[in-house]
Amino acid sequence: MTIMKSKVAPGSFEETMLPLMLADVEQAAARIEGHVTRTPLVCSSSLSAFSNQPVYLKLETRQPIGAFKLRGAMNAILSLDEAARKRGLVTASTGNHGRAVAYAARELGLPATICMSALVPANKVEAIRALGAEIRIVGSSQDDAQEEVERLVASRGLVAIPPFDNINVAAGQGTIGLEILEDLPELSTVLIPLSGGGLAGGIAVAIKALMPQTRIIGISMARGAAMHAAVVAGRPVAIREEETLADSLGGGIGLQNRVTFALCRSLIDEIVLLAEDEIAAGIRHAAREESETVEGAGAVGIAAILAKKVSLTGPSVIIVSGGNIDPEIHKTIVDGVVA
């Protein structure tokens, strides 16, 4: 287990020092209302019994695209003026953000181009193609895909919708935090999948502003955990992207990161890293005990509890961030055989 302690003193919250504020998240909530689903918060009897504390699942799998990314993408696109939208949208993605941009573009009648690396699972690529977006497979990393985005912005004048390092994207993801506090005001701890930091950073801004004592735990895979490496180094660093069951958590955070690194470094209380077999156990538990189909990235909160890498002291919420897992991989894991 690898844990990082936050620089935020218990009970304190210096919002003015951060690139994203509660007001941004509240504005995002108003902007995306009617365009995204207000997802359910359900109690897990099995995880509650295991932890001896009430444990709830925030099911972002119920979004139309099967993942939380629609919140940030929709907020970012709706924040653009009409002229910018009509130029066309482009993004780099490990799958779910691309699907979100493609879905939002279709709903708003806009063209979209999605750039992905060869590591993105085929089921996610095909789901994006089915939404009518132009697909570009480039290189073997998220950084390679991002270079193609920058080329298309320069050559075709497309408008980039960043997957995480953007105020409007992070604000959109932060609306999850507002919903959690409305449903569970006695919240003690939130377990959040951690990758580029848009989800964890956005939620942390909302929750720390309203309930500073709440503990925020970011959870990632041990293979290529970019935000964890950045926090340890004290600055964004290049990491080698590796294959992992938590494929949606892959990729770097950008060496010129402007938003999410500052949020995660300041507001996350702990970071926990998981082995591949632990992630598989989370996926398997979700299927067998919760009757939920969950991808690796969405299962890391469950996995961290099962692996006893977090200790809970009160009502806690796991962000189940997405369910877009390849059916064959899911079947293999649930049947108990993982290569």
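This structure is a prediction, so every number in the text was calculated from the model and none was measured.
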Backbone N or O of [Y] within a donor-acceptor pair of the [X] side chain at under 3.5 Å?
| X | Y | answer |
| --- | --- | --- |
| Asp183 | Leu41 | no |
| Asn96 | Ala67 | no |
| Lys58 | Thr39 | yes |
| Asp24 | Leu20 | no |
| Thr244 | Ala246 | yes |
| Asp144 | Glu147 | no |
| Gln173 | Gly72 | yes |

* Check the surroundings of atom CZ in Arg156: do more than 12 heavy atoms from other residues, nucleotides or ligands lie under 6.0 Å from it? =>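 It does: Arg156 CZ has more than 12 such atoms within range.
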
* Around atom CZ of Arg235, are there more than 12 heavy atoms of other residues, nucleotides or ligands at under 6.0 Å? ->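 Result for CZ/Arg235: open.
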
* Assess whether side chain to side chain contact (heavy atoms under 4.5 Å, CB included) is satisfied between Val259 and Phe164, documenting all intermediate values. => CA-CA 9 Å; Val259 177; Phe164 52 86; over 6 Å; no

Within a strict 4.5 Å, meaning less than it, do heavy atoms of the [X] and [Y] side chains meet?
| X | Y | result |
| --- | --- | --- |
| Glu278 | Leu306 | no |
| Glu292 | Arg62 | yes |
| Val272 | Ile217 | yes |
| Met74 | Leu78 | yes |
| Pro163 | Gln142 | yes |
| Val36 | Gln63 | yes |
| Ile319 | Ile180 | yes |
| Leu245 | Ile333 | yes |

Gap between atom [atom2] of [Y] and atom [atom1] of [X] - 0.5 Å precision:
| X | Y | atom1 | atom2 | answer |
| --- | --- | --- | --- | --- |
| Ile161 | Lys69 | CD1 | NZ | 12.5 Å |
| Ser46 | Ile302 | OG | CD1 | 8.0 Å |
| Leu184 | Glu179 | CG | CD | 13.0 Å |
| Thr175 | Arg71 | OG1 | CZ | 4.0 Å |
| Ile216 | Asp269 | CD1 | CG | 6.5 Å |
| Glu126 | Leu131 | CD | CG | 11.5 Å |

Are [X] and [Y] connected, step by step, through hydrophobic side chains (Ile, Leu, Val, Met, Phe, Trp, Tyr) whose heavy atoms are closer than 4.5 Å?
| X | Y | answer |
| --- | --- | --- |
| Val42 | Leu312 | yes |
| Met227 | Val169 | no |
| Val125 | Leu89 | yes |
| Leu70 | Ile32 | yes |
| Leu263 | Leu210 | yes |

Going by salt bridge (Lys or Arg N to Asp or Glu O under 4.0 Å), name the residues that satisfy it together with [X], two or more places apart in sequence or in a different chain.
| X | result |
| --- | --- |
| Arg151 | Glu148 |
| Glu243 | none |
| Lys124 | Asp247, Glu295 |
| Arg31 | none |

* Does the pair Tyr56 and Leu47 meet the rule for a side chain to side chain contact (heavy atoms under 4.5 Å, CB included), with working shown? -> CA-CA 8 Å; Tyr56 297 82; Leu47 293 173; over 6 Å; no

Taking distance alone, no hydrogens or angles, what donor-acceptor pairs closer than 3.5 Å link side-chain atoms of residues 186-206 to residues at least two apart or in another chain?
unit_1	atom_1	unit_2	atom_2	d
Ser195	OG	Leu249	O	2.9

Heavy-atom pair with the smallest gap, counting every atom of [X] and [Y]:
| X | Y | value |
| --- | --- | --- |
| Ile305 | Phe50 | O-CE2, 3.2 Å |
| Leu267 | Lys208 | O-CE, 3.4 Å |
| Gly296 | Ile283 | CA-CD1, 3.7 Å |
| Ser44 | Leu57 | CB-CG, 4.2 Å |
| Thr37 | Pro64 | OG1-CD, 3.6 Å |
| Pro19 | Ile167 | O-CD1, 3.4 Å |

Just to verify, what does [X] make a side-chain contact (heavy atoms from CB on, under 4.5 Å) with, not counting sequence neighbours?
| X | value |
| --- | --- |
| Ser48 | Cys43, Val55 |
| Glu33 | none |
| Asp277 | Ala275 |
| Asn52 | none |

* To do: Only counting residues at least two apart or in another chain, list the ones meeting side chain to side chain donor-acceptor pair (under 3.5 Å) with Ser316.
  =>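 Residues passing side chain to side chain donor-acceptor pair (under 3.5 Å) with Ser316: none at all.
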
Could you check whether [X] pairs with [Y] (Lys NZ or Arg NE/NH1/NH2 to Asp/Glu carboxylate O, under 4.0 Å)?
| X | Y | answer |
| --- | --- | --- |
| Arg284 | Glu290 | no |
| Glu182 | Arg38 | yes |
| Arg223 | Glu241 | no |
| Glu328 | Lys331 | no |

I'd like a table of donor-acceptor pairs (distance under 3.5 Å, sequence neighbours excluded) in which one partner is a side-chain atom from residues 99-119, with atom names and distances.
unit_1	atom_1	unit_2	atom_2	d
Arg99	NH1	Asn324	OD1	3.1
Thr113	OG1	Glu134	OE1	3.3
Ser117	OG	Leu119	N	3.1

* Begin with the C-alpha distance, continue with both residues' side-chain angles, and end with the deciding distance and a verdict on side chain to side chain contact (heavy atoms under 4.5 Å, CB included) for Ile325 and Val294. => CA-CA 7 Å; Ile325 187 171; Val294 179; over 6 Å; no

* **Residue pairs passing the side chain to side chain donor-acceptor pair (under 3.5 Å) test where at least one lies in residues 85-95, sequence neighbours excluded** =>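 Only Thr91-His97 qualify under side chain to side chain donor-acceptor pair (under 3.5 Å).
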
* Asked: When you check the side-chain N and O atoms of Asp335 and Thr332, is any donor under 3.5 Å from an acceptor?
  ->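 No.
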
